[in-house]
Structure formats: structure tokens, C-alpha cells
Novice: 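Quick one: structure below, then a few questions.
In what follows, chains carry the letters A, B, and so on, assigned in the order in which the sequence lines appear, proteins first and then strands, with residues in each chain numbered from 1. Computed from a predicted model, the values in this text were never measured in an experiment.
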Amino acid sequence: MAMTMHVNIVSAEQEIFSGTVEQVIAPAKMGEVGIYPRHTQLLTPLKAGEVRVVKPGGEEEFYFVSGGMLEVQPHVVTVLADTVLRARDLDEAKAMEAKARAEQALQDRQSEVDYATAEAELAEAIAQLQTIQRLRKKLGK
Amino acid sequence: MASGKEIRTQIKSVKNTQKITSAMEMVAASKMRRAQERMAASRPYAENIRRVIAHLAQANPEYRHPFMLERPVKRVGMIVISTDRGLCGGLNTNMFKAGVMAMKEWREAGAEVRLSTIGSKGLSFFRRTGAPVVSEVSHLGDAPRLEDVIGSVKVMLDAYSNGEIDQLLVVYNEFVNTMSQKPQVMQLLPISAQSPERELEHHWDYIYEPDAREVLDGLLMRYVESMVYQGVVENIACEMAARMVAMKAATDNAGDMIDGLQLAYNKARQAAITQELSEIVSGASAV
């Protein structure tokens, strides 16, 4: 039997995932990290993207996070997500709309603050879209 | 004595009120259950963060984040979480009382108090008392989202970082059980990192990417936000419980009132019949 560890994905609003997995892949701030059991203790911020968990038996699940924190202990991994939605619940149309809005806001760059928010929104929208496309591919649609 | 018709109208109107209060009671009961679930759902996040922060504080004694440093208190920031709607018994009033007491204590100790309110009842109350309200959010609904409270919290966190306030408190109602809610004044900042944990025995530390300071900054901000969010969610559960109890009392009272009115109506009706009869009898005997 392959080695496993426990993973908790929680946001301030709800618990998203809790279970035993073989591997976790998360979008850490300094680049994507893959965590196997008995990894050394690690603490890092996350950027917008998808957290992938590989369950025993090779089944994968995706969760979109808008950012957050990753805490790794040898047998427990905790993802403190800023806003986690179940990937299948993501509304693709909404993501497209958000992207379009962000791009429009980028075009008329009036104030510094607006520019920064728009950039953040854009990054988030793109990450959401990627997750959806991956899910689509996986489901063979 | 009121005439029969008057009493009948009154009974009808009390019955209508009773219908409304009993409907509100049932709505509040079902909303309370959902609010309690939400309360439980937001707990693991705060617990996890608290655990990590406690560890960080012990592993890095050389770096002290301003959020963890005690300093002489000249100004106090208070986040007051109240409900948006009334008809929930003494819930808000009790909490305001606790808040005002805390404010008074700080004033006597020579510290200024600044407020940030969440919920419209708190805003209208503290506006009337003339206390300085620096930020406000309201109408969060029954299912508030974390992003709804971020603005309010950020105003206070910035004020703390800039040295405009030296302590941050949050005032909210604690959900003890359906029948009782307890006003709470809790200190958010500075975070006291005492709680000695067993992890200290075998010393280990995290690898930080990019560095401990940045990680700690992010964590502390999220910690305060999640604590405030939890206060908001808990307050909603309290609101629903208090409303349920208040509406149950109102429904019962309306029932008592209807009984009393019904008795008065019957008496009036009886008296009218008796009078009519005696009039007929005396009329007949006169003829």
C-alpha cells in the first residue's frame, strides 16, 4: 500500500475537503509544489490557482483557491484557503465575464489602485478558467 | 364596557399579529439551525491558524510582529457586531451595554475609543451616543461572506499598524445555547501568544517560503479577519435564537390576550342578552 497523509482544505467559511491522500500539488507563491507524505515542515503563502489532491488509487480532485496558506507537517497537510469553491461549481460564464471586466479595466488605466485590483482579478479569472478546462478534459467533454 | 363589535375587531387584529409572530418564530428556528451549521463550519480555519501562529511565535522569538507587541494603550479600536434587524428581544441592548461599559472603562483610564460597526443596529445606536464611528458595514444577510467584513477589519488593522490605535477589541454575542446568548468583549490585538504547547519539547521549525516575516504577516491578517467573521456568524446564530424566543413569547402573550378578550366579549354578549330580556319582560308586564 502506498504511503498516505491527511489533508484538510479549509476556508474561513467552510471546510472543503478532508481526507487521506497520496499527494498534494499546490500553487505556492514561489512556484508549484508537490507534497508527498513525510515532507518536512513547510509554511508558504499560496497564489490563485488549483490545489490538486491525488487520492489512494490515483483518483485526482481539483479545488480552486484564490490564495491562502499552505502548512505542511510530515503526515498532515493543511490548506488555509482564502475562498475555496468546489471546482465543479465554478461558473465559467462568470469567470469569462470577470476576465472581460478586468481586461477592460486594464485598458483604461486611470488610477494605480484600479490597476492593481484589475490585475489581481485577471489572475484569478485565468486560474479559474484553467481549472475548468482541465476538468473538462478529464471528464472527456 | 366596550361593545361586542369593538371587541371582535380587536380579537381579529390580535389574531393576525399572532399569525405573524408564530410565522417569524418558525422562520427564525430554521434559520438558526443553518446559522449554527455555518458557525461550526468556520471553526476549523481559525483553529488551524491559531495553532500555526502559536508555533510561529515560539519558534521565532527574535521576530516580533507589531500585532503581537503590547504597547501602552492610548487609543482603543472596537469592532461592534450587531444585528441588522430588530424584534430579537434584548440581544442588541445587552451587547451595547457591555460595549458601553468597556468604553467607559477605557475613557476613565484616559484612552480614546474608536468604533467600527458591523450591522445597522450598532451604527444607529452608537451614532446617537456620539461615539466616533470610523467604518461601517451592514446588510450582510443571513449568509455573510468573509469578503463582506474584510473592509471593516482592514480599516482597523491599518489604524493599528499606523499607531492610531493600540488595542483592538471585538464586541459580539456569544452563542451559549438557544435560550441564552452572552455579550462578549474580546481582545483581538495585540495577540497574546502565551499558551505553552507541547511542541516546544522537541524543537523543530518550519521551512518558510519566501520568509518567516511575510508568512506571519499574511497569517496574522487572516487570523483577525477570520475571528471577526466568526463573531459575525455567531452573532447571526444568536440573533435567530433570540428572535425565536422573543417571537414565541409574543405568540404566547397574544394567545393570553385573545383569551381575555374572548371572555370580555362573552360577558358583554351575555349582558346584552340579559338586558334585552329584562326589557322585554318589563315591557310585557307594563302592558
Novice: At a heavy-atom separation under 4.5 Å, does B:Val52 approach chain A through its side chain, its backbone, both, or neither?
Specialist: side chain

Novice: Determine which pairs satisfy side-chain hydrogen bond (donor to acceptor under 3.5 Å, both in side chains) with at least one residue from residues 230-241 of chain B, sequence neighbours left out, and list them in order.
Specialist: B:Asn173-B:Asn235, B:Glu239-B:Arg243

Novice: Show me the donor-acceptor pairs within less than 3.5 Å that the side chains of residues 159-167 of chain B make with the rest of the protein, sequence neighbours left out.
Specialist:
residue: B:Ser161; atom: OG; partner: B:Leu157; partner atom: O; Å: 2.9
residue: B:Asn162; atom: ND2; partner: B:Asp158; partner atom: O; Å: 3.2
residue: B:Glu164; atom: OE1; partner: B:Arg114; partner atom: NH1; Å: 3.4
residue: B:Asp166; atom: OD1; partner: B:Arg71; partner atom: NE; Å: 3.2
residue: B:Asp166; atom: OD2; partner: B:Lys74; partner atom: N; Å: 2.8
residue: B:Asp166; atom: OD2; partner: B:Arg75; partner atom: N; Å: 3.1
residue: B:Gln167; atom: NE2; partner: B:Gln187; partner atom: OE1; Å: 3.0

Novice: In Å, rounded to the nearest 0.5 Å, how long is the span from CE of A:Met69 to CD1 of B:Ile49?
Specialist: 8.0 Å

Novice: Rounded to the nearest 0.5 Å, how far apart are CD of B:Glu225 and CG of A:Asp82?
Specialist: 8.0 Å

Novice: Would you give the length of the straight line joining atom OG of A:Ser11 to atom CZ of B:Arg145, rounded to the nearest 0.5 angstrom?
Specialist: 9.0 Å

Novice: Side chains of B:Tyr45 and A:Glu13: closer than 4.5 Å at any heavy-atom pair?
Specialist: no

Novice: Is there side-chain contact between B:Ile207 and A:Val72, with at least one heavy-atom pair below 4.5 Å?
Specialist: no

Novice: Using side chain to side chain donor-acceptor pair (under 3.5 Å) as the criterion, list what pairs up with A:Glu22, not counting sequence neighbours.
Specialist: none

Novice: Give the interface residues of residues 37-51 of chain A toward chain B, defined by a heavy-atom separation under 4.5 Å.
Specialist: A:Thr40, A:Gln41, A:Leu42, A:Leu43, A:Thr44, A:Pro45

Novice: Which atoms form the tightest heavy-atom contact between A:Ala12 and B:Ser226, and what is the distance?
Specialist: CB-CB, 4.4 Å

Novice: Does a salt bridge link A:Glu71 with B:Arg51, judged by any charged N lying under 4.0 Å from a carboxylate O?
Specialist: yes

Novice: Which atoms form the tightest heavy-atom contact between A:Met30 and B:Pro210, and what is the distance?
Specialist: SD-CB, 4.0 Å

